[in-house]
Amino acid sequence: MAAIAEPNTLDQFPYEQVATWLREGSIIPFIGAGASRVGAAEPVLPDGRGLAEQLTRKMGEAFPRGEPADLAKVSQFFEHTVFDRDALYDYLHDLFEHGQKDNEPGTVARMLAEMPRDNAPLFVVTTNYDSFLERAFRAAGKPVCVITQNMRDPDGGSTKVRLTLPDGTTETEASSEFQWYDASRFPSDCTFLFKMHGSAHRRRGPDDLIVTEDDYIDFMVNTGGSSSPYFPPASLTAAYKQRRFLFLGFSLYDWNFRAFLRMLALRNALSGRQARRHWAIQLRPPSIEVDLWQQRNVSVYDGDLADFCAKIQSCWPGGPATPLGGTR
């Protein structure tokens with residue numbers, strides 16, 4: 001009988017080395033919904049299950065009773081049976097952007113933005129729809145480039161990237177032509193934030209959110225698996241291959257997230273030939289998730305993200321600039 005996989009404790013985490021690699025830009029923070037909730041002001045954003053429950057209440061008696069609160073299924077029903085795509089996007093925009101416009105970013109976003117950095121780029125990946133990460137970097141006076149791809153668009157969506165440049169202007173260009181090391185556009189210490197499931201910050205404009213069952217099918221088809229030269233953009237994939245990942249706020253029960261990890265693995269950007277070690281911080285992870293993480297060469301540490309951020313900050317030269325235990 002196979003041994004039960006158990007997580008490590010936060011006390012066992014290699015803080016000094018990871019804090020150094022973060023400052024050097026050689027670790028990629030991969031940010032999930034749970035990270036936006038840590039140290040956040042009310043109303044706290046929901047996780048996937050909570051969002052599904054909110055959409056279900058919005059539909060009233062129209063949604064069949066007894067159905068599980070699966071976000072992809074619930075949002076599919078919301079869009080195609082009760083309302084429409086515009087109504088779904090408007091709801092998500094109001095929830096993740098308009099409803100949060102007066103709230104400061106939470107603990108994880110501020111920790112990353114306020115971290116003392118070497119003169120090197122930082123790569124960050126998120127599945128979150130909100131704009132807390134980019135807002136945190138801008139508030140800290142750090143240059144950030146936000147990158148999205150409309151993977152729902154069958155007519156070339158995967159071949160293009162939409163960029164919000166450090167000066168706030170936006171551009172669209174071919175994915176194959178995007179180069180993060182273009183010194184004419186990006187400072188040497190720029191953060192490149194790849195929002196792989198889109199962004200809800202625009203009131204009107206391109207809808208690139210991945211949320212419904214159809215969205216995820218389009219996403220998987222248009223990424224093209226291991227053969228796709230477009231998603232993520234080739235220059236980002238090359239950078240990912242040379243770095244380690246730090247997963248914050250994720251659960252591997254989300255099969256869509258597991259599919260993305262599988263794509264990274266197929267492209268040797270995760271657990272590739274170098275078999276680099278990666279890390280995940282998760283509160284009370286089930287044994288099955290610990291085992292799934294370990295299959296991707298990811299060491300799991302059981303603990304609270306606020307405690308984790310505080311311990312990372314204790315390794316900074318001079319300590320943290322501001323306390324991050326809650327909202328300021």
Side-chain angles (χ1 to χ4, degrees), residues 21-31 97 105 109-153 155-210 222-224 228-246 260 264 267 269:
W21 280 337
L22 278 170
R23 295 196 307 272
E24 294 173 349
S26 57
I27 284 181
I28 300 172
F30 204 135
I31 309 301
E97 186 66 22
R110 298 205 314 269
M111 181 271 288
L112 294 174
E114 297 176 7
M115 174 175 60
R117 294 261 302 281
D118 293 352
N119 192 30
L122 175 67
F123 298 90
V124 181
V125 183
T126 185
T127 55
N128 295 346
Y129 307 131
D130 62 71
S131 59
F132 281 134
L133 282 165
E134 51 265 52
R135 285 169 51 194
F137 280 94
R138 291 167 187 150
K142 304 291 182 63
V144 59
C145 175
V146 182
I147 307 161
T148 58
Q149 288 180 274
N150 192 347
M151 302 309 295
R152 297 176 50 247
D153 178 8
D155 300 318
S158 64
T159 66
K160 298 182 180 68
V161 291
R162 181 180 177 90
L163 309 174
T164 301
L165 300 176
D167 63 5
T169 61
T170 59
E171 295 182 3
T172 300
E173 64 185 64
S175 174
S176 59
E177 295 179 1
F178 170 70
Q179 303 294 342
W180 60 264
Y181 44 81
D182 181 352
S184 66
R185 293 195 294 176
F186 308 118
S188 57
D189 62 344
C190 188
T191 293
F192 295 91
L193 173 60
F194 182 43
K195 303 184 77 169
M196 56 169 285
H197 282 175
S199 180
H201 73 278
R202 293 179 291 271
R203 182 64 191 178
R204 287 288 184 268
D207 171 9
D208 53 18
L209 297 184
I210 305 298
N222 292 332
T223 55
S228 172
Y230 305 117
F231 184 90
S235 73
L236 289 184
T237 301
Y240 296 169
K241 289 180 179 180
Q242 300 170 12
R243 291 165 170 82
R244 298 167 175 85
F245 284 88
L246 174 63
F260 182 73
L264 288 178
R267 300 186 67 181

Looking only at heavy atoms, what is the nearest atom pair of Thr191 and Val124, with distance?
CG2-CG2, 3.9 Å
Look up atom CZ in Arg185 and atom CG in Asp167, then write down how far apart they are to the nearest 0.5 Å.
10.5 Å
Is Asp182 reaching over with its side chain to a backbone N or O of Ser184, donor-acceptor style, under 3.5 angstrom?
yes
Report the C-alpha distance between Tyr129 and Ser199 in whole Å, list the side-chain angles of each, state the deciding distance to 0.1 Å, and finish with yes or no for side-chain contact (heavy atoms from CB on, under 4.5 Å).
CA-CA 5 Å; Tyr129 307 131; Ser199 180; over 6 Å; no
State, to 0.1 Å, how close Gln149 and Pro232 come at their nearest heavy-atom pair, and which atoms those are.
OE1-CA, 3.9 Å
Minimum-distance pair of heavy atoms, taken over all atoms of Ala174 and Val161:
O-CG2, 4.4 Å
Spacing of OG1 belonging to Thr126 relative to CG belonging to Leu193, to within rounding of 0.5 Å:
6.5 Å
Could you give the distance from NZ (Lys195) to NE2 (His201), rounded to the nearest 0.5 Å?
7.0 Å
Between Phe178 and Ser235, what is the shortest heavy-atom contact and its length?
O-OG, 3.0 Å
First locate atom CG of Leu122, then atom CD1 of Ile27, and finally report the distance between them rounded to the nearest 0.5 Å.
10.0 Å
Main-chain N/O of Met115 paired to Arg23 side chain as donor or acceptor, under 3.5 Å:
no
Kindly indicate whether the side chain of Asp189, heavy atoms from C-beta on, has any atom under 4.5 Å from the side chain of Pro121.
no
Taking all heavy atoms of Glu114 and all of Ala140, pick out the closest pair and write down the distance.
CG-CB, 4.3 Å
Roughly how far, to the nearest 0.5 Å, is the OG1 atom of Thr172 from the CZ atom of Arg162?
5.0 Å
For the pair Trp180 and Phe123, name the ring-plane relationship: parallel under 30°, tilted 30 to 60°, perpendicular over 60°.
perpendicular
N-O pairing of Glu24 and Arg244 below 4.0 Å:
no
Rounded at 0.5 Å granularity, tell me how far CD1 in Ile210 sits from CG in Asn150.
7.0 Å
For Glu97 and Ala200, which heavy atoms make the closest approach, and how far apart are they?
CB-O, 3.6 Å
